[in-house]
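All residue numbers in this chain count up from 1 along the given sequence. Just so it is clear, the values below take in all heavy atoms, side chains as well, and ignore hydrogens, waters and symmetry mates.
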Amino acid sequence: MSVAATKPRTGRVSTAKTVVGTGIGNAVEWYDWAIYATFTPFIASQLFSKEDPASAVLSTLAIFAVGFVARPFGGFLFGWIGDRIGRKSSMTLAVGLASLGSLMIGVAPTFASVGAFASLMLLAARLVQGLAHGGELPSSQTYLSEMAPKEHRGFWATLIYTSGTVGILFGTLLGAVLNMALSTEAMNAWGWRVPFLIGAAMGLYALIMRSRLHETDAFQGEAATEKRAAIWPQIVRYRKQALQVIGLTVGLTVIYYIWGVVAPSYATTALKIDRGEALWAGVVANIVFIAALPVWGKLSDRIGRKKVLWAGAIGSAVLHFPMTWLLKDSAWQLAVSMSVMLIFIAASAAIVPAVYAELFPTSIRTVGVGVPYSICVAVFGGTAPYLQQWLGSSLGAPQVFNVYAVLLLVVSAAFVFTIPETKGKDLTH
């Protein structure tokens, strides 16, 4: 067999390894965060005092937000590893640490048995996951963007949110199945632990898969002097790009957490929609989201990134209030409102991994994205579920939160004006 004949197969194998290795680790990260939101009521009842259920739920959501505090540190640590040692090493270490965090939650003792130590162990586990997940997304999206053909980078970038949503979907399906198969007593006793133990096992598998990946040509082709260059001066030098990452992310992260992650849980706790029906509505909506992502990704490779980003931010802002008003007391309303919103959220979600990578040079691409992105997600995304619950149930002012979300989308739309059109950019520089 000739050398020429073997090249296509090698390319296919390399592409498959890239897709599976990158995708499964990213799916595990999103799965971890989604099941925490999905199983919040059970975590609250088991790892906090049962004397005040409403306070226990708020405490559980507060720890959800605290987990985001560690993300900027993870973005810097794993970003430094990615830019100095390699994208592959950063991705592998991040998913291993995420697996440890899931295991800690899965085996955590109850509040009834050890008191406040149960809550502290949950806090520690979320900080571990936050550190890992702060490095996971910038490392994986940088790796994927550098491995992708430049003319199809927008389409390849959709793997980040596609694999992540598959992780969320799996977590949601698992929640629905457990809710149907187990009694409330069984769910409280041990059923809520199952998703976290599965997450730990999936993380271990992802670690093995990523250890077999190849490093990107862009990183390998970078000069040794560039790899040894000090990080902070480069961060300062590219502060405009860092601010652009924050601006583009701020609206997306809040609106995505509202509609893509916590909507089923919010519908159950605040609107009293049946838990099982709400979870199935979430499954339908996330399937719609997965279908929309590659469409927007391919479109960005044809018409450019900026037009697609505007469609996502403006469309989400215009439809947020109508879809909120539609959602009242039934699962079909939840399915429709989530699906409509996620179609437009998908426009930005599909291509921001490519856009972020295209803003920075190779020498600082991972940490340059990781630090500002993690700070933004920590400050705005991590607090979104808590703010929504607090403003709605405690202050009785849910519309204040909705105005806040729309204003952040307007900010993201405005920031699109500040970035260059990066479609087809060479990432080897």
Side-chain angles (χ1 to χ4, degrees), residues 18 21-23 25-26 29 70-98 130-148 150 153 156-157 159-161 163-164 206-207 210-211 213-246 248-249 253 351-378 419 422 425-429:
T18 298
T22 305
N26 195 55
E29 179 207 343
R71 291 184 74 131
F73 298 98
F76 179 80
L77 173 63
F78 288 98
W80 181 88
I81 293 172
D83 288 332
R84 294 298 173 267
I85 301 175
R87 318 316 195 197
K88 170 187 168 181
S89 298
S90 180
M91 292 166 59
T92 304
L93 290 170
V95 78
L97 196 60
L131 189 68
H133 297 162
E136 164 63 29
L137 188 63
S139 298
S140 61
Q141 69 185 20
T142 297
Y143 181 85
L144 187 69
S145 296
E146 291 181 351
M147 293 293 285
K150 64 181 181 180
R153 190 178 297 124
W156 274 54
L159 175 64
I160 297 297
Y161 271 82
S163 61
L207 186 151
R210 286 185 167 181
S211 67
L213 293 176
H214 299 294
E215 188 53 79
T216 69
D217 290 340
F219 179 79
Q220 289 183 323
E222 190 182 18
T225 52
E226 293 177 316
K227 293 177 182 178
R228 292 195 298 267
I231 288 289
W232 283 113
Q234 293 189 79
I235 291 177
V236 173
R237 179 182 177 185
Y238 292 99
R239 58 188 179 276
K240 176 183 176 181
Q241 288 84 346
L243 182 60
Q244 288 169 333
V245 169
I246 292 175
L248 295 173
T249 302
T253 186
I351 65 169
V352 286
V355 174
Y356 295 156
E358 290 164 345
L359 288 175
F360 292 90
T362 303
S363 62
I364 195 176
R365 186 165 290 136
T366 312
V367 75
V369 173
V371 172
Y373 176 84
S374 298
I375 290 173
C376 183
V377 172
I419 66 171
T422 55
K425 182 179 179 181
D426 186 0
L427 296 187
T428 58
H429 303 294

Could you work out, with side-chain hydrogen bond (donor to acceptor under 3.5 Å, both in side chains) as the rule, every residue matching [X], not counting sequence neighbours?
X: Thr249; value: Tyr356
X: Ser163; value: Asn26
X: Tyr373; value: none

Return yes if some donor-acceptor pair links the side-chain N/O of [X] with the main-chain N/O of [Y] below 3.5 Å, else return no.
X: Arg84; Y: Ser363; result: yes
X: Ser90; Y: Phe78; result: yes
X: Glu215; Y: Lys88; result: yes

Side chain to side chain contact (heavy atoms under 4.5 Å, CB included) partners for [X], two or more places apart:
X: Phe73; result: Leu131
X: Thr142; result: Arg87, Glu146, Arg365, Thr366
X: Leu207; result: Thr92, Val95
X: Ile85; result: Trp80, Ile81, Ser89

*Gln234 side chain near Asp83 side chain, heavy-atom distance below 4.5 Å*: no
*With the side chain counted from C-beta on, respond yes when Ser140 and Ile160 share a heavy-atom pair under 4.5 Å apart, and no when they do not.*
yes
Point-to-point distance, once rounded to the nearest 0.5 Å, from [atom1] of [X] to [atom2] of [Y]:
X: Ile364; Y: Arg237; atom1: CD1; atom2: CZ; answer: 9.0 Å
X: Leu97; Y: Glu29; atom1: CG; atom2: CD; answer: 11.5 Å
X: Met147; Y: Asp217; atom1: CE; atom2: CG; answer: 7.0 Å
X: Ile351; Y: Ser145; atom1: CD1; atom2: OG; answer: 11.5 Å
X: Ser374; Y: Ile246; atom1: OG; atom2: CD1; answer: 10.0 Å
X: Leu93; Y: Leu77; atom1: CG; atom2: CG; answer: 8.5 Å

*Tell me the salt bridge (charged side-chain N to carboxylate O under 4.0 Å, His left out) pairs involving residues 135-145, sequence neighbours left out?*
Glu136-Arg210
*Residues two or more places apart in sequence or in another chain: which of them pass ring pair (Phe, Tyr, Trp, His ring centres under 6.0 Å) with Phe76?*
Trp232
_Could you work out, with ring pair (Phe, Tyr, Trp, His ring centres under 6.0 Å) as the rule, every residue matching Tyr143, not counting sequence neighbours?_
none
*Only counting residues at least two apart or in another chain, list the ones meeting salt bridge (Lys or Arg N to Asp or Glu O under 4.0 Å) with Glu358.*
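Only Arg153, Arg305 meet the salt bridge (Lys or Arg N to Asp or Glu O under 4.0 Å) criterion with Glu358.
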*Atom of Val245, atom of Leu359 and distance for their closest heavy-atom approach*: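 Here Val245 and Leu359 meet closest at CG2-CD1, 4.3 Å.
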*Exercise: identify the closest heavy-atom pair between Ala132 and Ala98*: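 In this case the closest contact between Ala132 and Ala98 is CB-N, 3.4 Å.
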